[in-house]
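Worksheet: one structure, shown below.
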Amino acid sequence: MSAATTPLRDIDDAPPRERSRPQGMALPFDLVLVLGVLGLAACSLVAIKSSTADDIAGDPQYYVKRQAVFFAVGGLISLAMIKLDYSRLRVARWWVFGFLMASIFAVKLIGTTAKGAQRSVPLGPFQFQASELGKVLIVIVLAAFAAERGRRLQERDTTARIMLLALIPAAFVMVQPDLGSSLVYGAIAFAILYFAGTPARHFLALFALGAIAISIVLVAAPAAGVQVLHGYQKERLTSFLHPSADPGNAGYQQNQSLIAIGSGQKTGRGAHATQTQFNFLPEHHTDFINAVVGERWGFVGAALVLSLYALLIWRALRILTMAKDLFGALVAGGIVAMLLFQVFVNVGMTLGIMPITGIPLPLMSYGGSSVISTLLAIGLLQSIYVQGRSSAAMKGRIMGH
Amino acid sequence: MPLDPANDRRPPITPQLALRVAGVGVFAFVLFGIVFFRLWYLQVLDGDKYLAQARDNRVRIERIAAPRGQIVDASNLPMVDNKKATVVSLDPASIPAPMRVQIAAYGQKAGARAARKKGQQGPRVPVPQASGDLLLRYQRLGNVLQLGVKTINQRVVDSIVQVPYANIRIKTGVPAAQRDYIQERHERFPGVTVEQVYVRTYPNRTMAAQLLGTVGQITQKQLDAKKGYDGAVGGTDVGQTGLEAQYDKFLRGTDGRYRIEVNAAGERRQAATAVQPKAGQQLKLTLRQDIQAAGETALKTAGHGLPGAFVALNPTDGAIYAMGSSPSYDPRDAAPGRYSTNAAYASKFLNASTDHPLIDRADESAYPTGSIFKPITALAALSAGVTTPGQTFNDTGCFQTGARKQIDVSCNTGKKANGTINMVDALRVSSDVYFYNLGKQMYLKSGLPLQSWAHKLGVARRTGVDLPNESAGSVPSPAQVRKINRWELACRKKRKVASCGIGSTGHESWNPGDMTNFAVGQGGLQATPLQMAVAYSTIINSGRVPTPHLGLETQDSRGIVQPLDFPSQRKVTIKPEWRQAIMDGLYGAANASGGTSKQVFDSGWPRSRFPVYGKTGTAERPPNGDQSWYVAYSYDKTNPSATPIVVVCTIERGGFGADAAAPAARLILSKWFGITPKLVRGSSNDR
């Protein structure tokens, strides 16, 4: 018997704490997770309010109002998700994948161009950014596919298919161009393979392939006259290594971000924060929101926000372990990867230890697509939590009797 | 085993999954650890540094230009004044970076090309042209300012090449309508600023242009040098030539400053403390506009419009009353930005056909002086003991300078024999033969007495006049001959040619002929008109060497006057009898019969009240024609100490001294003493 068919173990082997808790006191969702999300939402609104007061003449509340709407909408979706039987998504995985690809193509066909990139489709007064929702969708698709092949996870074929499934949308997103999102897709695919129990040698092979691909993209293809990455993308990917070499151009944002965060010192500059307020740091309400926090509220503020993310990751990992089935566990695992990767890359970018890739800070950065997609993922986590707990409780009850 | 959906509903937490979850937990922990550590490092350990940078970011210093000081003449008549003008300029930061890179590359290439020899320069470097959005911006700006896109592009390129970070001046003296149009549509003209600046005006146009000099934006070199340009930032106007450069630190004043808090787009958030601009000090000159004007006119009329120079100064203290060089120019035209291209500028100021108006021939051009050098030879001979004032010599018209009978013979003009003459006579008739003899005798003396006397009297040394770029000139000497030999041989070796033309053979020796030529102001002698004025003043002063100067005093905005100090005063020992002999000779030359310039002062000059001491000179300057020289010294007998004046005139290719330079000197003296001016040319063909 291969390792794939590890003997089934009863859930009772591990003594879950929940079961010892009286049923009546349990809430129908993970309260800590909700508190963490609410905390981040509050931080996001305060940071956006303080940094964008001068951005739109005549409407100092423009961004904060819209962000509040996004949180409200996302919150409702999240609540709806709690009641959803997420297993249905597993059945509908090809529909989900179809929708994902259709939305990416829709962007290509009818999308609007902003700052040189075609990333979104206009939906009324809002811009729907398909690649953001795609992050959650790809978690569902990959998790469902892996769960479907639950007994063949050790096969090379499975690993290859999962990677292919992730790389197709990633490639299309990359040419939008949205390098950041495609990197997130890759991270999600790796995480799902990892939690599904793909053997280490597959990872090694993938890393080797990745290394070859990167060297082709960065070295061989330019030598042959084919540019895969845009010049600015390459510059951004490398300029974080020496931000002050060219403070006027490629390194400008990073340099200004460092100045903003560094000048915050321990407790921040409060109302005297000039870097973000006077627009020295562009995109301060979106990708560089962490710099706003760092400048205005200093180490204290930034540490608080980071702690909230740590809380989120911890709860997501905990929910992963509580999932009633492999699909749920993999979805939770994918969401953990999605959050962790985005948080680390974005925060690292503002701190000058990661390249600038245009990845938003989930739940903090201004932007409806990102906020709503992340809240959708949080809703999924809640759903997994609720169902995992109820199934465990049921089993417990059965066993108990 | 058939796949049964229900079958994979296995309990989720296997040991393997638990292990992997734990792995991710550790991984996440490490990532958060890195971020926290980095945050701590940036904000707590390095925070001060970034706080300082953030403050720097925010504050911009905006300059309020200080008006430069006026330059006035001795009677407070303005020579250089200011007027307010509107300037439209372009912030170089608003030019796209690739274009700036292109321009910098062009500057380097064009500079390298200009550094190569003519004929080997290779093709002209194409000037980078604006395109796309930038071209559109130029067009929009050009439409308003009535300038062509090419002109704007050229100004941008020139400015970025010269001073990369200074504002690019597109147009000075913009009419109010254009100014308002741009200011009202600020957002349509990105990077364009409209400001009030002071520009120089020259009420007398070309008068004394070389002395006054030009003003221009500080160059990168000057910015880097720092010295003398304290507090000047990119875009400041500083004196570039002449008195404007010499007295820049007085004239420039201190710019005022606004400290302005700005946002990243450079828009003003709030203006902070202002430092009021401090106007530059007024510079008062010893120059007299009336004498200057008369001198420039005299040079033109007497000098047939040929290039030339004149100096009129007080021999006692070196105060320069007038000093001019012809041709002249309007300093306004020479200011940067007047000409759209370097070629147009060169055709007006630099090419050979222009006769080089930018050069101040009075102190920057060294020439052979011809016979006006003879008093110096006389002094040297007296001091070396080869002759005495009374000792006579038989001038037969020609003189054997060396051993070879045919070649080494030099003669007076027309081989005119002056008979038995002493020093006074020799100066009066300007006998070459007499001075050849002195030269040859001094050749035999050790210690090169003639060279050392020339040097003592200020030839081949800078006079110390308050002008930049003064030329030192040179005197012929054995050392100079050796030097020329060395240059010639080195040049031949380097360029692999038979002769470079620096020295004829490359193996010349110091011969009696060199000394005899030098004795009459020829050969290797190169002296400026100003140096000759100083040399004569020294003789007149019985040995006290004055420092010629134009500056008199400065006056700041509160009216406090600060005299400028010119410590002179080297002393040279000139025995009274030596001086007497020379002065007699000079007096004879201008007054007695046979005197070379007697005719010039014959008709209508009140000799009894204004005695003239003068010496003509006719310098051979092949391949050019003879250069006409004249030195005159005079004073009012009724008040000798108040009005002494030494005038030196020279006219390139002007012929005999009595024909061009002496009449010009008479016209200047007439103005000085208030005598009716009269152009009288002498016919003396003596050198």
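As the structure is a prediction and not an experimental result, all values here were calculated from the model.
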ask   = At what distance, to the nearest 0.5 angstrom, does NZ of B:K49 lie from CG of A:L258?
value =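 One gets 8.5 Å once the value is rounded to the nearest 0.5 Å.
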
inquiry  = Working to the nearest 0.5 angstrom, can you tell me the gap between A:L351 CG and B:F37 CZ?
reply    =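 So the gap between those two atoms works out to 12.0 Å.
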
task = Would you indicate whether A:F203, at its atom CZ, is surrounded by more than 12 heavy atoms from other residues, nucleotides or ligands within a distance under 6.0 Å?
result =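 Buried by this count: over 12 neighbours within 6.0 Å.
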
ask   = Is atom CD of B:Q108 surrounded by more than 12 heavy atoms (other residues, nucleotides or ligands) closer than 6.0 Å?
value = no

task = Output, in order, the C-alpha distance, side-chain angles, deciding distance and verdict of side-chain contact (heavy atoms from CB on, under 4.5 Å) for B:D48 and A:Q265.
result = CA-CA 8 Å; B:D48 291 337; A:Q265 298 189 303; 2.5 Å; yes

query = Taking the side chain from B:Q43 and the backbone from A:F299, do they hold a donor-acceptor pair closer than 3.5 Å?
reply = yes

inquiry  = Check whether B:R20 reaches the backbone of A:F195 with its side chain - one donor and one acceptor, N or O, closer than 3.5 Å.
reply    = no

When heavy-atom pairs shorter than 4.5 Å are enumerated against chain A, which of [options] gives the highest number?
options: B:V44, B:L39, B:V35; result: B:L39
options: B:L19, B:L42, B:L31; result: B:L31
options: B:Y50, B:F36, B:Y41; result: B:Y50

message = Out of A:G298, A:A260, A:G268, A:A191, return the one with the most heavy atom pairs under 4.5 angstrom to chain B.
response = A:G298

query = What part of B:F32 lies closer than 4.5 angstrom to a heavy atom of chain A: side chain, backbone, both or neither?
reply =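 Just the side chain, heavy atoms under 4.5 Å.
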
message = Does any backbone or side-chain atom of A:I261 lie under 4.5 Å from a heavy atom of chain B? Answer side chain, backbone, both or neither.
response =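 Both backbone and side chain.
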
task = Over all heavy atoms of both residues, which pair between B:A28 and A:I313 is shortest? Give the atoms and the distance, please.
result =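 Looking at all heavy atoms of both residues, the closest pair is CB-CG2, 4.1 Å.
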
From CA spacing to verdict: side-chain contact (heavy atoms from CB on, under 4.5 Å), A:L326, B:L17 = CA-CA 10 Å; A:L326 181 60; B:L17 184 58; 5.7 Å; no

request  = Check the pair B:V21 / A:R318 against side-chain contact (heavy atoms from CB on, under 4.5 Å), numbers first and verdict last.
outcome  = CA-CA 9 Å; B:V21 169; A:R318 188 168 171 276; over 6 Å; no

